[in-house]
Each structure stands twice: as structure tokens, then as C-alpha cells.
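Quick notes on the structure that follows.
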Amino acid sequence: HARLASNAAELLWQPIEDFWQLYMAVPMEERVRISPVTPMRAMPAFLMLAGFAVESTLKALLLKKDLVKANDWPAEWNRHDLRGLTCLAALPIRVDEAELLLNMTDAIQWYGRYPAPRHFKDLHPQVSGKEGRARGFLRTDRDTWRAMFNRWIALAEANQPTNPAS
């Protein structure tokens, strides 16, 4: 599932990248005439699918590390908290990856599956006051996601266990 979500996210990136190439080629004073609406509508879907790819990979790593059994999945792990899953899997992350994980968590919760949060405390950051959750989309998000995903999917697909005690 992780690879399928990853491939779908990559397909959505092309119109976004095409827009940025056009936008950067236009002189600054003319950029106000270019509407980013159509290509930027693909960004939330990109983040959602990229987030699904990361979430599936993290959960596979948790299973592989024997931190949980497939038939004994704790209910609190079903909340799409990518940073929380990353911590449980004991994976190191950079600051830019941590910020992207927050954005992808929001994308999973808001951009396609749930018209409203599943829990009151998960209200959108503009409402709940959570910090660091609404930084917007960065052009570098794809590269950050791709590097992070490729690192983790390689661990998940490796034949040897990731838990040193195994």
C-alpha cells in the first residue's frame, strides 16, 4: 500500500512542479497575474497520499520491530499521528521532516477522508491554537518527503529484522 500511495502522490506533483517552473520564469511584477489555484489544488491531495505512504511504512516498521502484533493494534495508533508513529518506531528525523510530518498528518485528517476531525482535540490548528501546524506548502516538501519515505521503505522491505534484540 505504501508504494501505491507513493506513486499516486508522485503523479500529482507534476502539475505543481510545472506551475512553479512557469511562475519562477515570469518577472516578479507579472507574477500577480498568474493564478496558482488549479495546480495548488493538487497540493493537499499530494500531501494526503504522501502521508498515507509514510503512515503505511511506519506501521509496517512497528510490526517488523515486534513492537505490536497485527491483531493487537492499540486504538490510539489509529489516529494518523505520523510524528507519534515515528517516535514509536524510534526513527530519527530532521526539523524539516518533523514539520512535513505535521502537515501530512493534517492532510490525512482533513483533505479527503474526514469532513471534520474524529476527536474534538484534533480541531484544525487555526481553531485549536496548536503551533507549527499551518506553515503552508513548500516547494521542497516533495524532496523532503521522498528522501524520508525512501529511507523508511528500505528499512521496512529489508529481509532482516530492524529490532537488534531479534
Separation between OG1 of Thr140 and CZ of Arg142, rounded to the nearest 0.5 Å: 12.0 Å

Nearest heavy atoms of Glu157 and Lys64, plus distance in Å: C-NZ, 4.3 Å

Under 3.5 Å: donor-acceptor pair, side chain of Ser6, backbone of Ala2: no

Path from Leu4 to Leu58 over hydrophobic side-chain contacts below 4.5 Å: no

Steps toward side-chain contact (heavy atoms from CB on, under 4.5 Å) verdict (Met104, His80): CA-CA 9 Å; Met104 288 189 299; His80 312 294; over 6 Å; no

Polar side-chain atom of Thr105 near backbone of Leu82 as donor-acceptor pair, under 3.5 Å: yes

Backbone of Pro27 reached by a side-chain donor or acceptor of Glu30 within 3.5 Å: no

Glu99 versus Asn103, side-chain donor and acceptor atoms under 3.5 Å: no

Separation of Trp13 CH2 from Asp18 CG (nearest 0.5 Å): 11.0 Å

Closest non-hydrogen atom pair, Ile93 against Glu97: CA-OE1, 3.3 Å

Derivation of the side-chain contact (heavy atoms from CB on, under 4.5 Å) call for Leu85 and Leu91: CA-CA 9 Å; Leu85 290 170; Leu91 295 169; over 6 Å; no

Contact summary for Thr57 and Ala156, nearest pair of heavy atoms: CG2-CB, 4.2 Å

Shared hydrophobic cluster, Met24 / Val26 (ILVMFWY, side-chain heavy atoms < 4.5 Å): yes

Leu101 versus Trp152, closest heavy-atom pair with distance: CD1-CH2, 4.3 Å

Residue pair Met148, Arg94: steps toward the side-chain contact (heavy atoms from CB on, under 4.5 Å) verdict: CA-CA 9 Å; Met148 183 174 54; Arg94 300 184 319 250; over 6 Å; no

Value rounded to 0.5 Å, distance of CD in Glu17 from CG in Leu22: 11.5 Å

Taking every non-hydrogen atom, the tightest pair across Ala5 and Ala53: CB-N, 3.7 Å

Step-by-step side-chain contact (heavy atoms from CB on, under 4.5 Å) determination, Lys59 to His1: CA-CA 11 Å; Lys59 288 179 177 180; His1 290 84; over 6 Å; no

Hphob cluster co-occupancy, Trp145 + Leu11, side-chain heavy atoms under 4.5 angstrom: no

Between CG on residue Asn7 and CG on residue Leu12, distance to nearest 0.5 Å: 11.5 Å

